[in-house]
Visitor: 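If you scroll down you'll find the structure; I have some questions about it.
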Amino acid sequence: MFDLTGKRALVTGATQGIGFEIAKILSENGAFVYVNGASSIEKCQKACENIKNSAPARANLCKKDEIDALYNQTGDVDILVLNASIQYKRKWDEFTDEEFDIQFDCNIKSTYYLIKKYAPAMKKNGWGRIVTIGSVNQYNNHPELSVYGITKAAQMKLVENVAPFLAPFGVTLNNVAPGAINTPRNNKALENEDFKKKVINSIPCGYVGEPSDIAPAVLLLCSNEGRYITGSEIIIDGGMHL
């Protein structure tokens, strides 16, 4: 079950947090995984030390030419997990033009370009798995994450629009939307006990999740066992969106 032997995968934003756990679980189930990060090749290499059957693949996905360079590093893959994202916390009318553009470039434009880049070989091979990583902020109206939430909602709409065109070729496209997860991005905020208590009170399950709570669902969607799931979404947030 969940045998990915012989499959090649690319996980973006995989040097830490949710992306790292996804890359790890895919490799543990037989896939060869390219570990992408934006900041440095050294950080990608360090992550690979803890992920068997992996190789580093640095690229800043905010830049289209680096998306092309990433494809040149990896070649065609069978599994594409689009986890990398950028968020700035501001009130809705305080984002600079640059902050607005960067979030759209990384969170939605790169999703479109990467799917467009990697899908043709999947279609030709008659097998492929693409998973985007969304956010509970697609549903919740966070007072400082309006633009981030907009990009993630747009990403889900992209999934719904593109999935029907890939399905006849054996290629599935789905979204996984995490809630409050204990990742490096959230660590500083969650160190504030009052804020953490407020977050936990908004989660019916009563606790903040871990990256390991997200990865198994991605594994399902990337496997043969998930072949009949496409254009769909799995929300993993302890009920926070309700």
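Just the heavy atoms: all of them, side chains too, but no hydrogens, waters or symmetry mates, feed the values below.
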Visitor: For a 4.5 angstrom cut-off between non-hydrogen side-chain atoms, does Y34 reach T12?
Guide: no

Visitor: Only one of L173, D76, L80 passes side-chain contact (heavy atoms from CB on, under 4.5 Å) with M122; say which it is.
Guide: L80

Visitor: Hey, mind stepping through L70 and L10 against side-chain contact (heavy atoms from CB on, under 4.5 Å) and telling me if it holds?
Guide: CA-CA 10 Å; L70 176 61; L10 166 61; 3.9 Å; yes

Visitor: Using a cut-off of 6.0 Å, state whether more than 12 heavy atoms not belonging to D97 lie near its atom CG.
Guide: no

Visitor: According to the interplanar angle, ranging from 0 to 90°, do the rings of Y118 and Y71 count as parallel (below 30°), tilted (30 to 60°) or perpendicular (above 60°)?
Guide: perpendicular

Visitor: Whether the T111 and Q155 side chains hold a donor-acceptor pair (N or O, under 3.5 Å, no angle test) is what I'd like checked.
Guide: yes

Visitor: Does a side chain donor of either N53 or S27 reach within less than 3.5 Å of an acceptor in the other side chain?
Guide: no

Visitor: Could you tell me if the side chain of F32 sits less than 4.5 Å from the side chain of L26, heavy atoms only?
Guide: no

Visitor: I86 and Q103: which non-hydrogen atoms are nearest, and at how many Å?
Guide: O-CG, 3.6 Å

Visitor: Would you find more than 12 non-hydrogen atoms of other residues, nucleotides or ligands less than 6.0 Å from N141 atom CG?
Guide: no

Visitor: Does the side-chain contact (heavy atoms from CB on, under 4.5 Å) test come out yes or no for I130 and L166, once each step is laid out?
Guide: CA-CA 10 Å; I130 304 172; L166 299 180; 4.0 Å; yes

Visitor: After noting the C-alpha distance and the side-chain angles of E160 and K157, does the key distance pass the salt bridge (Lys or Arg N to Asp or Glu O under 4.0 Å) rule?
Guide: CA-CA 5 Å; E160 291 176 336; K157 181 53 67 174; 3.0 Å; yes

Visitor: Can you see which heavy atom on L221 is nearest to which on R129, and at what distance?
Guide: O-CD, 3.0 Å

Visitor: Where is the tightest heavy-atom contact between I214 and P178, given as atom of each residue plus distance?
Guide: CD1-CB, 3.7 Å

Visitor: Could you grab the distance from atom CG of D3 to atom CD of E225, nearest 0.5 Å is fine?
Guide: 8.5 Å

Visitor: Hey, is CZ on R227 packed in by over 12 heavy atoms from elsewhere, all under 6.0 Å?
Guide: no

Visitor: Measuring from K43:NZ to C48:SG, what's the distance to the nearest 0.5 Å?
Guide: 13.0 Å

Visitor: Determine whether more than 12 heavy atoms belonging to other residues, nucleotides or ligands lie under 6.0 Å from atom NZ of K63.
Guide: no

Visitor: Looking at A14 and A23, what are the two nearest heavy atoms and their distance?
Guide: CB-CB, 4.2 Å

Visitor: Between K24 and E21, is there a side-chain N and carboxylate O pair less than 4.0 Å apart?
Guide: no

Visitor: Could you tell me whether D68 and K117 make a salt bridge, using a distance below 4.0 angstrom between a side-chain N and a carboxylate O?
Guide: yes

Visitor: When you look at N107 and S85, which way does the side-chain hydrogen bond (donor to acceptor under 3.5 Å, both in side chains) test go after all the steps?
Guide: CA-CA 5 Å; N107 302 354; S85 68; 4.5 Å; no

Visitor: Between E42 and R58, is the closest basic N to carboxylate O distance under 4.0 Å?
Guide: no

Visitor: Name the one of V136, I200, V208 that satisfies side-chain contact (heavy atoms from CB on, under 4.5 Å) with M240?
Guide: V136

Visitor: Can you name the nearest heavy-atom pair linking G238 to I203, along with the distance?
Guide: O-CG2, 3.5 Å

Visitor: Quick one: closest heavy-atom pair of G231 and V159, and the distance?
Guide: CA-CG1, 4.1 Å

Visitor: CD of E98 to OH of Y88: how many Å apart, nearest 0.5 Å?
Guide: 6.5 Å

